[in-house]
Amino acid sequence: MGIDSFCSLDGSDPFWDWNRTWNASSPDLTRCFQSTVLVWVPCFYLWLCAPFYFAYLKWHDLGYICMTHLNKAKTVLGFLLWIVCWADVFYSFWERGQGTARAPVFFISPTMLGITMLLATFLIQYERIKGVQSSGVMLNFWLIAFLCATVSFRSRILQTINEPTGIDVFRSTTFYIYFALLLLSLLLSCLSDQPPLFSHAVKETNPCPESGASFLSKITFWWITKLLVQGFKRPLEEKDLWCLNSEDQSQKVVPQLVRCWNHECSKVKRTSEKTVYSPKRSAVERSRGEKDRPPMEESEILLVKSSQNTSEPSLFLALCRTFGPYFLVSSLYKIVHDILMFVGPEILRLLIRFVNDGSAPYWQGYFYTSLLFVCTCVQTLILQRYFHVCFVTGMRLRTAIVGAVYRKALVITNAARRTSTVGEIVNLMSVDAQRFMDLITYINMIWSAPLQVILALYFLWQNLGPSVLAGVAVMVLMVPVNAVIAMKTKTYQVAQMKSKDNRIKLMNEVLNGIKVLKLYAWELAFRDKVSKIRESELRVLKKTAYLGAVSTFTWVCAPFLVALSTFAVYVMVDEKNVLDAQKAFVSLALFNILRFPLNMLPMVISSMVQASVSMKRLRVFLSHEELDEDNVNRKAIAGSSDSISIVDGSFSWSKTDNPTLKRINVLIPEGSLVAVVGHVGSGKSSLLSALLGEMHKQDGAVSIKGSVAYVPQQAWIQNATLRENIVFGRERKESWYQSVVEACALLPDLEILPAADATEIGEKGVNLSGGQKQRVSLARAVYCDTAVYLLDDPLSAVDAHVGKHIFDKVIGPQGLLQGRTRVLVTHGLSFLPQADLILVMVDGEITETGSYLELMGRQGAFADFLRTYANTEQTEEEPADAVSKKALENGGPVAMLGQAQNSLSAASSAKSHLKMDTSEGDGKKARSPEAAKLTEADKAKTGRVKLSVFWEYMKAIGICLSCISIFLFLCHHVASLGSNFWLSRWTDDPVINGTQPYREMRLSIYGALGITQGVAVFCYSISVSIGGILASRYLHETMLYNVLRSPMAFFERTPSGNLVNRFSKETDTIDSVIPSIFKMFMGSMFNVLGACAVILIATPLVVIIIPPLGLLYFFVQRFYVASSRQLKRLESVSRSPVYTHFNETLLGTSVIRAFGDQQRFIHESDGRVDLNQKAYYPSIVANRWLAVRLEFVGNCIVMFAALFAVISRDNLSPGIMGLSISYALQVTASLNWLVRMSSELETNIVAVERVKEYGDTEKEAEWTLEGSKPTTGWPTAGHIEICSFGLRYRDDLELAIRNINVIIEGGEKVGIVGRTGAGKSSLTLGLFRIIEASEGEIRVDGVNIANMGLHDLRSRITIIPQDPVLFSGTLRMNLDPFDGYTDEEVWRTLELAHLKNFVSGLPDKLNHECAEGGENLSLGQRQLVCLARALLRKTKILVLDEATAAVDLETDNLIQSTIRTQFEDCTVLTIAHRLNTIMDYTRVLVLDKGQMAEFDSPASLLAKKGLFYKMAKDSGLV
């Protein structure tokens, strides 16, 4: 049975009829075609999709949606449609019963349709049960069914008009009902149902509307419009942002990657285990995970050399496993899009044919036009969907990498931690994670570009035949050129990253040690160091720029050369080959498609190269050795009364080092107080690290019973409120909290702080004094209430009387911690008699253990140690037994209690006026909640980027160079337009005897115009890149200078994360992003203008359309930019806290691990990353929103260009029409690119704005003043006169010290004492003009210091600061950064500073590399290095700011004696905690509440029995 007889029994209704369809002026389809194909197409679609869709829903259950009106309506419509279809079937059976024979189609088609409608109704219900709010599958089904029915609808209307007699009334009626129901179903399927019960979105405060959006809203990104409208009305704020979708959140994404990475590691572990058996590793170690496997020893390496290269865990595979499945969806979109790209040129071919063929009916032209429009629109939607998937994958990838790096940073060993500086690890999170995000968007081009090239070549071959091979040859030649460029770029890339890492590392240190830089007037030396690294970075950038110019030249010229060679070969091979419009412009359109994959491939390759560099860095970091959980056995020691035990322990900092601690045997009974004493560098702190499991255990066994709290030697303070620092994530118990604060002597400090314990503490505790930091650190440990306390010298930084109070109330036998095990490293001898056990350490070994009396009785090292130093704690010499007796008296519980009460009552009476002894004054009572704030979060600027910022950037480049660049751009585009216009004239040349007469002339001019383009491109590329580098250099230099010129207060307010962000991220943007965006922006702008010009010349009618489209375009773009720019700002502002928190964590890893708080910090970091992505996600969706709308504008331009060409085909030459439409086809891409680039330019130029903003902040006084340079050798006497001096920390605060009148003669030694917060440090800050005087003046040798340049002043007086800061670099650089002294002088000072033996024992002597922050020296050694600095400068005035707080008594003695001998004729001002150090000074200045209380010789002050006497009594000196 043929198809015709299937439709009608007599065959009168054919299936297809060309005369009725294609060739008719009013086309129509046959009845048979309508009742078969048009009915079956939607049915086939649904039955094909149903099984897959069903399976998908089964696996993706989102919850359950209750029956809603919408759902009921959809279901009812489905049933009605089913009834209508079956009515047709039953009617046919009824007719048959009446004796009217009907063709099979009348039974089969409605039956199929009816069953399909039932399936549709079932799917509607199943979707509801599975929680689908809006379905693309069903929308498409209704759309296809409706379109098919529309054709039949038109036919029936025409039939009704033309032959009203032959109408089948029943079937027409059912059809019209069917059509109306379809339309309703289609409309309802565009709407979205309510969210399912128990859905994630219901719980969120501000859920992302995406999940509840309808399918249409999702594909057009309509759902973000509300946010954009909000952003257009007023600048967006953080509270406007939606919560992240659950599948994008850290808690979902990071564990997936970590799991896959661990899987990769364990795979490698298994293979490497097979290769070699090493007897040197114990079974325990072998069974551990890959990450903490010890490196192989020499002998093993020999065995395993061959398998070395294979055994790297693959980060790439781990990433593929984590993100591959979701990302594959994008590849499907990409394939469809790539195929649709080639529809444009094909339709162009048909349109040119239509213009050439005058007899073709007009509707064909309109049909082609609408087909072109529909195809471009579908292409738009698919491409944007593709990009959306890519960007979301990129976002998740960044989240995962940041999370994985953070988690790893918490567990790596100290040795591994030393191989990567803080700067490098932060770079992994910022720069390298960003690289991956950038690559993800292009990575599909790796297979898509070759596919596009192959398809393009196939169609070109159809068009031009073998001549295409000439073009292919040109392309193939281009590939190696681009490959070479990419390889070179990679090497430069690595070099640039290295310089950048070094620069950020140095900047980090400069910012951390800025106070020292200012006190020593070293800013210039460090500015030169940074600039030197920066110059090498810019040299590499310049080379990269030249390479970039060459590659830009090749890729702009490649398509043209390809076209030129192809056309030349085509017309030269055979005279009969005529280049007509169809061949030329369809080929040009195809060459334009070719241009994209050819441009992209090198870019993708270089992007992949960069990502592979980043991948390697990440892999190395993630493969670092981890701390061994088994270093310390935390399980309770069964049946043992010992709380801590070490048996035969030997420990080193890394596996390769010699043991730092050896032969350690300790048993500490539960609840005892153990003191650890020894000289500087004897391994006291290392012993605590070993107990914490921070050191590599080479031998022996360590076990600890119960939880641990740790107080490090240098307090680690978080940027949070004081209360948060103490509570440290534990639950808040008010009464316990109060008793802890009181016991740690923090009550007086709370009185001073502007918002009591709600005051925000700056980064690294900048607004607390050293003693306050240490007490907060101790309070944190006490509050956590654990079984074992490891206290690393917490009493060194506090005043003597406070130390006694703390010992008594907290650490001692009657303190809060009684009954807990306490291990106290201490330099304070007066506490030793109360210890249950004393461990004496010498050179990493425990030489003696025992109680105080036992050790005294033994007359060993300890007794000598005491005998030598007891007199430094007592002023008069006394016999040894008397010493011990007196110490017992002083330190006895009763005596101490009395004193503590005493000192505290004194302190509390003073509280109300106390001023923090601090470098940041928030000393006034909080008048407003603002007072509690200290650091300023990175603020997001609002509104448009001002034109002045662009002007600043142009000035930084150089106005002349900027104008030249713009002129070259213009030349390039004029030449490009000219060559295409010339081509259209050529194709319109008449054909005489089968050939075109002027082709040689045409060809040569076409070639010449092309070469002009190439030259212009090369020149503008070079000029823009060079300009960019000049601008980068200028902007970085001025920013560096401005930051260094800022006063101390600025650094205390500004988190270092913000500053580092400026020097890394923003500088990187100015270096490499802005120049390339500028090039692309100019390129796409001229492209759009050129395209519009060509279309206007060809079809002047377009004039009607371009202004409204232009307006629409402009409005959409402005509307978008308002929100996009603000989102970008919010994103970059929320990025800083991620790095700040990370920085902070890296500094406090040992504390976090000791308290076992890793999970809380991981959670906090994840939260910050999510907050950052919360701003990033809307910005990528906004990009897609914009692209869909702009491409629609572009598609309209294409449609109108084609439409007007069709309308005016009678007076259009095919050449001009071809030119016009091929330009119109490009305009969409150019428009898109233009908006993207203009908004990118606006959002990235913000970097310039942010780099410039530090130019406008307050600055210190001038560094040098020409007119008032002091004489050489000033100060000659060191005579200091302080006249009614006062200063305040901020304008809105009261005076911190006031009314100080003191005259200090040259060579006098003056001690400055006072309770915490009396203003001791403030006075020295005033002397160095770190804070300028508010009243009065200070004169040195008769010169008012306020009239001098800061460097002149600061380089002539010397300070040994409270925190010994060292910078990474050689030891010599740390002593003398300006290279102003000879090696002999340096060695001599080292000898005087008692460091000569230590330094001469180092392999590199003076060139010994200090680690970041001097971490590879002990605190005491760092303090001695600071002493050496002072000795080297040897100025007439020396200030000691609690300089000996961190060293033991022996070192303290050494320092004091050195100062006494070496600075004999100098004026010495000492801020003292230990009063015994200043008892032999000429005079003592006692400060109280910021005023001078007493000033006289120590003896007279003691006789007066005033404040000084009280303090001396508290310290047990009288």
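One is the number of the first residue; the rest follow in order along the sequence. As the structure is a computational prediction, the values presented were derived from the model and not from experiment.
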Query raised in the report: Is it true that Arg1250 and Glu1066 make a salt bridge, defined as a side-chain N closer than 4.0 Å to a carboxylate O?
Result: yes
Query raised in the report: How many angstroms lie between CG in Leu1130 and OG in Ser1179, if you round to the nearest 0.5 Å?
Result: 10.0 Å
Query raised in the report: When you look at NZ of Lys1259, are more than 12 heavy atoms from neighbouring residues, nucleotides or ligands closer to it than 6.0 Å?
Result: yes
Query raised in the report: So how far is it from His388 NE2 to Asn1183 CG, rounded to the nearest 0.5 Å?
Result: 11.5 Å
Requested in this report: Hey, can you tell me if Phe232 and Phe1119 have their rings parallel, tilted or perpendicular (30° and 60° cut-offs)?
Outcome: tilted
Query raised in the report: So among Arg503, Lys500, Lys498, which one has a salt bridge (Lys or Arg N to Asp or Glu O under 4.0 Å) with Glu537?
Result: Arg503
Requested in this report: Using a cut-off of 6.0 Å, state whether more than 12 heavy atoms not belonging to Glu238 lie near its atom CD.
Outcome: no
Query raised in the report: Between Arg398 and Asp438, is there a side-chain N and carboxylate O pair less than 4.0 Å apart?
Result: no
Query raised in the report: Where do Tyr1020 and Ser965 come nearest, in terms of heavy atoms and distance?
Result: CB-O, 4.1 Å
Requested in this report: Please determine if Lys1252 and Glu952 form a salt bridge, counting it only when a charged side-chain N lies under 4.0 Å from a carboxylate O.
Outcome: yes
**Report entry** Parallel, tilted or perpendicular, as decided by the 30° and 60° cut-offs, for the rings of Phe969 and Phe1086
**Finding:** parallel
Query raised in the report: Does Arg1053 pair with Glu1258 as a salt bridge, N-O distance under 4.0 Å?
Result: yes
Query raised in the report: Does the gap between the ring centers of Phe526 and Phe1367 come in under 6.0 Å?
Result: yes
Query raised in the report: So, are Arg1135 and Glu1131 salt-bridged, with charged N and O less than 4.0 Å apart?
Result: yes
Report task. Determine, for Lys1174 against Asp240, whether the closest basic-nitrogen to carboxylate-oxygen distance falls under 4.0 angstrom. Result -> no
Query raised in the report: Hey, are Arg1062 and Glu1253 close enough for a salt bridge, meaning a charged N less than 4.0 Å from a carboxylate O?
Result: yes
Report task. Output yes when Arg527 and Glu1037 qualify as a salt bridge under the 4.0 Å nitrogen-oxygen rule, no when they do not. Result -> no
**Report entry** side-chain contact (heavy atoms from CB on, under 4.5 Å) evaluation trace for Val1043 with Phe1063
**Finding:** CA-CA 11 Å; Val1043 166; Phe1063 281 99; 4.2 Å; yes
**Report entry** For Arg396, salt bridge (charged side-chain N to carboxylate O under 4.0 Å, His left out) partners two or more places apart
**Finding:** Asp248
Query raised in the report: Can you name the ring-ring contact (aromatic ring centres under 6.0 Å, His included) partners of Phe1078, sequence neighbours left out?
Result: none
Query raised in the report: Can a salt bridge be assigned to the pair Arg617 and Asp501 using a cut-off of 4.0 Å between side-chain N and carboxylate O?
Result: yes
Requested in this report: Calculate, to the nearest 0.5 Å, the distance between atoms CD and CG belonging to Glu424 and Asn508 respectively.
Outcome: 11.0 Å
